[in-house]
Amino acid sequence: QVQLVESGGGLVQAGGSLRLSCAASRRTFTTSPMGWFRQAPGKEREFVASISSGSSIINYAVSVKGRFTISRDNAKNTVYLQMNSLKPEDTAVYYCAARAIATMGDRYDYWGQGTQVTVSS
């Protein structure tokens, strides 16, 4: 079992920046592809970004490409989401997730509790 704990959410004005962190509880995190997802009120959860275990493969949703950057530090068992040029439509609960197997894919097996990001106009 892997426990994931997000932090770094908060309230920011449009155009501002936030950096989310997700700390994993287990060393096997280093072999797990990781992802960030978000869910806005009344909407389904959507993919934001993903990163392979060695950071060689990175994917972004079209809506955040060029503004958000996903990265990871395997020595610290932590994945990050740097969010710049934030817009009110980025307001959501942000979740990090981990896959149980080493290959990239759409299914994530472990989820954090989420952190709220609110962008005011």
Side-chain angles (χ1 to χ4, degrees):
Q1 188 74 11
V2 176
Q3 290 186 329
L4 304 172
V5 179
E6 301 98 334
S7 61
L11 174 64
V12 64
Q13 289 188 330
S17 299
L18 282 174
R19 188 195 197 199
L20 305 183
S21 299
C22 174
S25 63
R26 206 169 68 177
R27 286 180 178 264
T28 51
F29 159 88
T30 59
T31 63
S32 298
M34 301 291 294
W36 284 98
F37 294 77
R38 66 186 182 186
Q39 187 167 19
K43 294 187 177 181
E44 293 187 354
R45 185 171 61 196
E46 65 175 0
F47 167 80
V48 175
S50 62
I51 186 167
S52 62
S53 57
S55 304
S56 60
I57 302 173
I58 291 176
N59 299 303
Y60 294 101
V62 172
S63 58
V64 307
K65 199 168 187 178
R67 300 187 298 122
F68 291 11
T69 302
I70 189 171
S71 63
R72 64 191 295 162
D73 184 339
N74 286 343
K76 296 182 179 179
N77 288 359
T78 301
V79 64
Y80 305 97
L81 185 69
Q82 177 67 43
M83 306 185 294
N84 298 328
S85 303
L86 283 161
K87 305 175 181 179
E89 50 264 44
D90 294 318
T91 295
V93 177
Y94 283 70
Y95 299 90
C96 76
R99 283 176 56 78
I101 58 177
T103 55
M104 295 287 278
D106 294 332
R107 174 180 170 175
Y108 286 78
D109 304 283
Y110 306 106
W111 293 83
Q113 82 289 349
T115 186
Q116 177 71 46
V117 172
T118 303
V119 184
S120 63
S121 57

Of all the heavy-atom pairs spanning Ser32 and Ala98, show the shortest one and how long it is. CB-CB, 4.4 Å
When rounded to the nearest 0.5 angstrom, what is the spacing between OG1 in Thr69 and CD1 in Ile58? 8.0 Å
Can you name the closest pair of heavy atoms from Pro33 and Met104 and give their distance? CB-SD, 3.5 Å
Between CD of Gln116 and CG of Leu11, what distance do you get to the nearest 0.5 Å? 9.5 Å
Test side-chain contact (heavy atoms from CB on, under 4.5 Å) applied to Arg38 and Asp90, step by step: CA-CA 9 Å; Arg38 66 186 182 186; Asp90 294 318; 2.9 Å; yes
Using 0.5 Å steps for rounding, measure from the OG atom of Ser55 to the CG atom of Asn74. 6.0 Å
Shared hydrophobic cluster, Ile70 / Val2 (ILVMFWY, side-chain heavy atoms < 4.5 Å): yes
Tell me every residue that passes ring-ring contact (aromatic ring centres under 6.0 Å, His included) with Phe68, counting only those two or more places apart in sequence or in another chain. none
Please evaluate residues Phe29 and Met34 with respect to the criterion side-chain contact (heavy atoms from CB on, under 4.5 Å), reporting the C-alpha separation (whole Å), side-chain torsions for both, the decisive distance (0.1 Å), and the verdict. CA-CA 9 Å; Phe29 159 88; Met34 301 291 294; 3.5 Å; yes
When clusters are formed by joining ILVMFWY residues with side-chain heavy atoms under 4.5 Å apart, either directly or through shared neighbours, do Val93 and Phe47 land in the same one? yes
Listed pairs under 3.5 Å, donor-acceptor, residues 12-20 side chains, sequence neighbours left out:
unit_1: Ser17; atom_1: OG; unit_2: Asn84; atom_2: OD1; d: 2.9

Rounded distance (nearest 0.5 Å) linking atom CZ of Arg99 with atom OG1 of Thr31: 11.5 Å
Tyr80 side chain near Asp73 side chain, heavy-atom distance below 4.5 Å: yes
If you count the non-hydrogen atoms of other residues, nucleotides and ligands that lie under 6.0 Å from CD in Gln82, is the total more than 12? yes
Between atom SG of Cys22 and atom CZ of Arg72, what is the distance when rounded to the nearest 0.5 Å? 10.0 Å
Does any non-hydrogen side-chain atom of Tyr108 lie less than 4.5 Å from one of Ser50? yes
Nearest-0.5 Å distance that lies between atom CD in Gln113 and atom CD in Glu6: 4.5 Å
Quick one, Trp36 and Val79 - any side-chain contact, counting heavy atoms below 4.5 Å? yes
Indicate, with yes or no, if Leu81 and Tyr95 share a hydrophobic cluster defined by side-chain heavy-atom contacts under 4.5 Å among Ile, Leu, Val, Met, Phe, Trp and Tyr. no
Can any side-chain N or O of Thr91 pair as donor or acceptor with the backbone N or O of Val119 at less than 3.5 Å? yes
Compare all side-chain heavy atoms of Arg45 with those of Trp111 and state whether any distance is below 4.5 angstrom. yes
